[in-house]
2 protein chains.
Amino acid sequence: MAEDIKTRLIEVAGEAFAAKGYDSVGIREICQKAEANVAAVNYHFGDKRGLYRACLQHAQSCRVEGLDQPVWPESYTAADKLRAFIRRMLEEKLNPDRPEWHQDLMLRELSRPSETCREFVESYIRPMAHTLGDIMQELFPQQEWTQQKWMIGFSVVGQVLFYQLQQPVIRILMGDEGFESLTVDGLTDHITRFCLAALGHGEPITVEPANSVETN
Amino acid sequence: MAEDIKTRLIEVAGEAFAAKGYDSVGIREICQKAEANVAAVNYHFGDKRGLYRACLQHAQSCRVEGLDQPVWPESYTAADKLRAFIRRMLEEKLNPDRPEWHQDLMLRELSRPSETCREFVESYIRPMAHTLGDIMQELFPQQEWTQQKWMIGFSVVGQVLFYQLQQPVIRILMGDEGFESLTVDGLTDHITRFCLAALGHGEPITVEPANSVETN
DNA sequence: GATTGATTAAAACGATCGTTTGAAACAACT
DNA sequence: AGTTGTTTCAAACGATCGTTTTAATCAATC
């Protein structure tokens, strides 16, 4: 566990907030896990809301690089960029160097309208949308940015986010072994080919016979 | 407002639970809006959790027909069925006859593992997955049901759910007018064509020049 | 009209919530 | 050693939580 109390509190509280929600976590529960006194929260963060804000800020500051202003290799085609974009989104959830609660907390904040939500969208989501929009522009150079391109972007991101937001459902539907047979490589490949084919920039999905994993 | 207190409590509490979460809503707040006494909750539902369960049950019992065991017209091709499936999923959110909180509450319950979540998946989601699986089977008759077909199904559903789960983000990204320019018809058409093209059962998406709505 | 059972109402219960208090512990410097 | 400023601690604060209690109200039956 971390040495200083402020860090410990943020890590413990962030995980709890992400898992159960702001109101469902008491500061006594947090402080007990963080081996701190209850007054530590108010002393270091002002109040509970301040601790929550600190968690959110910490999660945002640790976000994965490469989604907002990525630097692609020269040789990359638009298809390669799309594949890299999708992979990085998927990796963001599974990155072992980063606690899971970071993105969980941010996704929780994004799911309901608030001032924090707006700030997050502008500083975090909007650049991603711009990156994806540039890739789209490369796929359809002659066109303007219309409602349809928003929908295409949402089709890409929606597929990726499904595996992060609906994890419990997937686990029940596919079973534990079926769920754990999903890999970043496999998902990246599927989603990328699915999207490219839909956009006329790749061969349609070909269904292959049952492989080693039987998911019934 | 409804006549009997039990119904009023369920409607008021369900809306609040769906919007803010179980722990963030007090029974005094609920009873005030429902014009009931605080003791009414414990009298009619045992305790707060009982009221919550009643809300969940009510939401589930009012679910839209046609997703679990749909009856397609004889003339429908697999593509037609897929389109109808997607449309009904989209309509489920926008159905004016049904309060929004019904699906919001269910989606909230589905987002975290619990016994209720498992029951919901088995009674509500699994049949939908089966319906979608049958459509897939019709598109690829010779194949067996493998991990890949799960991923294809998730690609379909993920696109639809995005518009329900990420509504605040979409609203901020596209702006209010841009968001409100999205129609069930338009979304159904886009997602259906996107999926069919990806699966090699339709022409790829063609990007058209800017239409009447400028969403920048 | 009295009685019975079901429902509503006001008040209070103990528990827990976020927060504050005031003193103790600690470190750094004169 | 003494002083100063910072951090930690146990205890308690008032407020609110879900729940219970007790009495009042109502409807129906004898």
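Every heavy atom of this structure was used, including side-chain atoms; hydrogens, water molecules and symmetry mates were not. So you know, we letter chains A, B, ... as the sequences are listed, proteins then strands, and number each from 1.
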### Query
Which pairs, with at least one residue in residues 2-30 of chain B and sequence neighbours excluded, count as a ring pair (Phe, Tyr, Trp, His ring centres under 6.0 Å)?
B:F17-B:Y22, B:F17-B:Y52, B:Y22-B:Y52
Under 3.5 Å, sequence neighbours excluded: what are the donor-acceptor pairs made by side chains of residues 82-91 of chain B?
{"residue": "B:R83", "atom": "NH1", "partner": "B:D189", "partner atom": "OD1", "Å": "3.0"}
{"residue": "B:R83", "atom": "NH2", "partner": "B:D189", "partner atom": "OD1", "Å": "3.2"}
{"residue": "B:R87", "atom": "NH1", "partner": "B:E91", "partner atom": "OE2", "Å": "3.3"}
{"residue": "B:R87", "atom": "NH2", "partner": "B:D185", "partner atom": "OD1", "Å": "2.1"}
{"residue": "B:R88", "atom": "NH1", "partner": "B:G66", "partner atom": "O", "Å": "2.9"}

### Message
How bent is the helix from C:dG1-D:dC30 to C:dT30-D:dA1, measuring the angle between the end axes built from five pairs each, rounded to 10°?
### Response
20°
### Task
Figure out the CD1/P separation between B:I5 and C:dA6, and round it to whole Å.
17 Å
### Task
Summarise how protein sits on nucleotides 12-25 of chain D as a single string, 5' to 3': B when a protein heavy atom is under 4.0 Å from the base, S for sugar-phosphate-only contact, - for no contact.
B----BBBB-----
### Task
Give a yes/no on whether any side-chain N or O of B:H44 is located under 4.0 angstrom from OP1 or OP2 of C:dT8.
yes
### Query
Tell me: CD of B:E35 to P of C:dA9, nearest whole Å?
10 Å
### Task
Hey, could you give me each pair passing side-chain hydrogen bond (donor to acceptor under 3.5 Å, both in side chains) that has a residue in residues 39-48 of chain B? Not counting sequence neighbours.
none
## Note on the structure
By side chain to side chain contact (heavy atoms under 4.5 Å, CB included), B:E92 pairs with (sequence neighbours left out) B:R63, B:V64, B:L67, B:R98, B:Q103, B:Y124
### Query
Between C:dT8 atom P and B:Q32 atom CD, what is the distance in whole Å?
18 Å
### Message
When you measure from the centre of the six-membered ring of B:Y163, is the NZ or CZ of B:K93 closer than 6.0 Å and no more than 45° off the axis?
### Response
no
#### Entry: For B:K20, all residues meeting salt bridge (charged side-chain N to carboxylate O under 4.0 Å, His left out), sequence neighbours excluded
B:E29
### Query
Atom NZ of B:K6 and atom C1' of C:dA6: how far apart are they, to the nearest Å?
13 Å
#### Entry: Pairing residues for B:A18 by the side chain to side chain contact (heavy atoms under 4.5 Å, CB included) criterion, not counting sequence neighbours
B:W101, B:D104, B:L105
### Message
Tell me every residue that passes side-chain hydrogen bond (donor to acceptor under 3.5 Å, both in side chains) with B:D134, counting only those two or more places apart in sequence or in another chain.
### Response
none
